[in-house]
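As the structure is a prediction and not an experimental result, all values here were calculated from the model. In what follows, every heavy atom counts, from backbone to side chain, and hydrogens, waters and symmetry copies are set aside. Each chain gets a letter, A, B and so on, in the order the sequences are listed, and its residues count up from 1.
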Amino acid sequence: MEHLIVIVLLSFLAITAVAIVMLHDLVAVVMLFGIFSLLSAVIFLVLDAVDVAFTEAAVGAGISTVLMLGTLALTTPKEKTSPRFAPIPLLVVIITGAALVYGTLDMPRYGDPTAAIHQHVAPRYLERAPRETGIPNVVTAVLASYRGYDTLGEVTVIFTAGVGVMLLLGSPRRQTKRKRGKR
Amino acid sequence: MRHHLILRIVAKLLIPPILLFALYVQFHGDFGPGGGFQAGVIFGAGFILYALIFGVETAKKVAQPEIVRVMVAVGVLLYGAVGLVSLLLGGSYLDYSVLAHDPVRGQHLGIFIIELGVGITVAAVMITIFFTFASRGRS
């Protein structure tokens, strides 16, 4: 039953991706991006990665849809298309895709307990996290305590993104100057 | 959007539960799914919904851009400060065990504060980015 659900979800994901490539109306593309993120969130949920699903639903389906619509309002909702057929990009995409698929052949099977990732630090975290941190949600314990440096880096990245947007587009002083110039 | 009665009523009904849910995700992240990042995004989404329905200028009166801009830095600084405090108390950077007499209590306290820092920064950045995008369109 779970296999059936995963297959249906992945086919929906593929259909959405193809529709995103085919459509030229960018507002519809943004809506499809939201659906794509929502489908990914459901797939993460099926894989028992609740925290990731949560983030994907909130960021991918929520915030980024709003921000992309905002961008479209600033630019144009129509995609510029070139009528010429371009063989080199197609070739690059096919080769990259084939290399990626070839790479997955070496990956351990899904849920394989002998996979390297389940042998390294994961057992230690699962065994000791509740005792050492007193926090039942191991994901939070790993993110905030064992991997505190990484999370600090991530927050700094978000901070930098905010500062970057403010510097590039924000600056209320420059906007008033421009308004005065228009008057 | 000022004339869309249904949108306005539904938004007024929805925004308080959204903000409440964000706080729940923030402070219940230790026990269930979620944490500072998700909570910050949801909290920001509540404000963005308000700005979409009632206009950016009205939303700026609620979340003043100057204050939100300071909050962007406050979250990161709060996170970094926890690390500094644990350094001063004799531990290594971001080692929460020294924050309280009992290491487990210290870990709990440290995680609580840094998750709060993450939440503040993420929510403030989301609100700021949306305000910036939305204000630019009309100028």
For this session: Would you mind checking which part of Val59(A) comes under 4.5 Å of any heavy atom in chain B, side chain (CB onward), backbone (N, CA, C, O), both or neither?
Result: both
For this session: Please confirm whether Phe112(B) and Phe27(B) have ring centers closer than 6.0 angstrom.
Result: yes
Exercise. Between Phe130(B) and chain A, which part of the residue has a heavy atom less than 4.5 Å away: side chain, backbone, both or neither?
Worked result: both
Problem set entry | Option in Gly148(A), Gly162(A), Ala161(A) with maximal non-hydrogen atom pairs under 4.5 Å from chain B | Gly148(A)
Exercise. Near Glu2(A) CD, under 6.0 Å, is it more than 12 heavy atoms from other residues, nucleotides or ligands?
Worked result: no
Problem set entry | Largest heavy-atom contact set with chain B, pairs under 4.5 Å, which of Ser145(A), Gly70(A), Ala58(A) | Ser145(A)
Seminar exercise, completed: Honestly, the part of Ala124(B) sitting under 4.5 Å from a heavy atom of chain A is neither
For this session: Give, for atom CZ of Arg69(B) and atom OG1 of Thr128(B), the distance between the pair rounded to the nearest 0.5 Å.
Result: 7.5 Å
For this session: Please state whether the side chain, the backbone, both or neither of Val25(B) comes within less than 4.5 Å of a heavy atom of chain A.
Result: side chain
Seminar exercise, completed: Okay, Phe37(B) and chain A: the region with an atom under 4.5 Å from a heavy atom over there is side chain
Exercise. Measuring heavy-atom distances to chain A, does Tyr93(B) have an atom under 4.5 Å in its side chain, in its backbone, in both, or in neither?
Worked result: both
Exercise. What do you reckon, is CG of Leu100(A) surrounded by more than 12 foreign heavy atoms closer than 6.0 Å?
Worked result: yes
Exercise. Side chain, backbone, both or neither: which part of Ile63(A) has a non-hydrogen atom closer than 4.5 Å to chain B?
Worked result: side chain
Exercise. Does Thr133(A) reach the main-chain N or O of Pro130(A) with its side chain, forming a donor-acceptor pair under 3.5 Å?
Worked result: no
Seminar exercise, completed: The interface call for Ile129(B) against chain A, heavy-atom contacts under 4.5 Å, is both
Problem set entry | Tyr146(A) atom OH: more than 12 heavy-atom contacts under 6.0 Å | yes
Exercise. Does Leu13(B) CG have over 12 foreign heavy atoms under 6.0 Å away?
Worked result: yes
